[in-house]
Protein chains: 2
Amino acid sequence: MSQMQSVEKQLRQMILGLEIGPGEKLTERWIESRIGASRTPVRAALLRLETEGLVGRDGRGWTVSPINLAELEQIAVYREAVEVAALRLTCALADRGAVDVIEAMLESCDNDTPREEWHRVGMDFHIELARLSGNEFLFRAVRDAMTRLSRARWLEVRDEAALARAWAEHRAILAAARLGDADEAARLLSGHIVGSRDRLVTSLANDRRGLRARGFAVVAA
Amino acid sequence: MSQMQSVEKQLRQMILGLEIGPGEKLTERWIESRIGASRTPVRAALLRLETEGLVGRDGRGWTVSPINLAELEQIAVYREAVEVAALRLTCALADRGAVDVIEAMLESCDNDTPREEWHRVGMDFHIELARLSGNEFLFRAVRDAMTRLSRARWLEVRDEAALARAWAEHRAILAAARLGDADEAARLLSGHIVGSRDRLVTSLANDRRGLRARGFAVVAA
DNA sequence: GATACCAATTTGGGATACCAAGGTGGTGCC
DNA sequence: GGCACCACCTTGGTATCCCAAATTGGTATC
């Protein structure tokens, strides 16, 4: 793999893993020494991550994008549009057996599964579901939206009950999709996304003070 | 304006204006001499245009993205999802007076208007309509989709009748939106997008031979 | 003590030099 | 004539250097 892609990957992981906090200033030279590559690939990585919304410009200079509650709400609306469209396409497909692969993915999480896994599988559910539609643009839209949501979801305080409910909703969506019941699947998915958004925004708004204390910039809705 | 943004702008214009044909090979050094900037801003521009889908990598090396009929069809599905969602949001708005601005935009085109203007305004209709929703993500999605469609629409052979019908459809959509009739507006917009796609793909498929003769790579659906 | 101003450092933007990999054309052998 | 092989050249990837602007820190003045 070229160094350019490697820098991008490492930097993205540092940002998504909150190793670099939302709102922190970035300098190309710091990244250069931190990652061990020269400025050229570092700049290429920053340009890419900028289009993903993970970093942004702060006048002259780079900043890790803060958590933006207003943005999270807009993303939810966007997700609802593209995910529902993808799901409807999938429901119209002749072969919907592929949903079983996703169901197996969900089953792979049990009580012993580390939190990281739950986090990743929770996002992959939506991403893989969109992939099934066969539409590259819908798929990319969902994947990019989930990437943007990733840090916020990581910060969200979720109790066992909420987690279990989300998993149940995922399974219900798959069940409806397997039957080809597009309207029901779409209805369930919409509700799931809206519910997720509400819990997410509420949780972050409540924790805002604590998050800021940890050095994480959280912009209000 | 920084040189980097200028290079990006110029290069995008050259690609969208078909000054550089779909499928053509690009070398960083050629662009460098053509635009009159060094490789650093050229590379930055290429990285950005890559995320817009206007250029792509061809193993080692850059290529102006060919016109891809399968991609055009997928984009239409994607557009339908995001544009309809945006339109429904707009219909739910308290103040829908802003649609008048768009209507005025349409009126600005008459028989004397050069073809370039028609082309631009035809796309801006969809972009500005999405902007009214107030959702940044839906707006960007529509804008980026229209950018990707731009070259294909430029190549499309459109008769007067088709053009007039498209304009009438635009106006009908606005009329429904002004009344807040979301279902009707959505229905009209869906139909418009699907119809546009059909005419576009059909026209390009028919002209494929001629387009290739002009040096334009056209990938079949 | 506050503030205005200046020097020094830092920073991103741009230019250029260098490199390894891949492609191309030519040449000589079969 | 055809094919294998090799030297050369082009190309993107990387590193490094330079520059202008902006930030910073200190200092002198009021």
May I have the distance from [X] (atom [atom1]) to [N] (atom [atom2]), rounded to whole angstrom?
{"X": "A/Trp30", "N": "C/dG12", "atom1": "CH2", "atom2": "P", "answer": "12 Å"}
{"X": "A/Glu28", "N": "D/dT16", "atom1": "CD", "atom2": "P", "answer": "15 Å"}
{"X": "B/Asp58", "N": "D/dT10", "atom1": "CG", "atom2": "C1'", "answer": "15 Å"}
{"X": "B/Trp62", "N": "D/dT10", "atom1": "CH2", "atom2": "C1'", "answer": "17 Å"}
{"X": "B/Leu47", "N": "D/dG13", "atom1": "CG", "atom2": "P", "answer": "9 Å"}
{"X": "B/Lys25", "N": "D/dG12", "atom1": "NZ", "atom2": "P", "answer": "11 Å"}
{"X": "A/Arg29", "N": "D/dA22", "atom1": "CZ", "atom2": "P", "answer": "16 Å"}

Take A/Leu26 and B/Ala37, find for each the nucleotide of DNA chain C with the closest heavy atom, and name the residue whose nucleotide sits nearer the 5' end.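 So the residue in question is A/Leu26.
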
Hunt down the Watson-Crick or G-U wobble partner of D/dT23, both distances under 3.5 Å, from any strand shown, or write none.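 For D/dT23, the partner nucleotide comes out as C/dA8, under the 3.5 Å rule.
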
What is the pairing partner of D/dG12, taking Watson-Crick or G-U wobble pairs with both distances under 3.5 Å in any strand?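 WC or wobble partner is C/dC19.
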
Are there more than 12 heavy atoms of other residues, nucleotides or ligands under 6.0 Å from atom CZ of A/Arg209?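 For A/Arg209, atom CZ is not crowded (no more than 12 foreign heavy atoms under 6.0 Å).
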
Are more than 12 heavy atoms from other residues, nucleotides or ligands located less than 6.0 Å from atom CD of B/Glu107?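 Yes.
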
Using OP1 and OP2 only, check whether a side-chain N or O of [X] sits under 4.0 Å from [N].
{"X": "A/Arg43", "N": "D/dT16", "answer": "no"}
{"X": "B/Arg57", "N": "D/dG13", "answer": "yes"}
{"X": "B/Thr40", "N": "C/dG14", "answer": "no"}

Let me know which of B/Leu54, B/Asp58, B/Leu49, B/Ile15 forms a side-chain contact (heavy atoms from CB on, under 4.5 Å) with B/Val64.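 Answer to the side-chain contact (heavy atoms from CB on, under 4.5 Å) test with B/Val64 among B/Leu54, B/Asp58, B/Leu49, B/Ile15: B/Ile15.
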
B/Arg214 charged N/C atom sitting above B/Phe216 aromatic ring, 6.0 Å / 45°: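 No, B/Arg214 does not sit over the ring of B/Phe216.
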
Here's one to test your reading of the geometry: is the NZ or CZ of B/Arg158 within 45 degrees of the ring axis of B/Trp118 and under 6.0 Å from its centre?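 No, B/Arg158 and B/Trp118 do not form such a contact.
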
Can you figure out which of D/dT16, C/dG12, C/dA15 approaches the side chain of A/Thr27 most closely?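 Selected nucleotide (nearest to the side chain): C/dG12.
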
If you check the A/Arg39 side chain, which of D/dT16, C/dT16, D/dA15 turns out closest?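 Out of D/dT16, C/dT16, D/dA15, the nucleotide with an atom closest to A/Arg39's side chain is D/dT16.
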
Sugar-phosphate only, base, or nothing, as touched by B/Leu46 at under 4.0 Å among non-hydrogen atoms: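 Counting heavy atoms under 4.0 Å across all strands, no contact is made by B/Leu46.
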
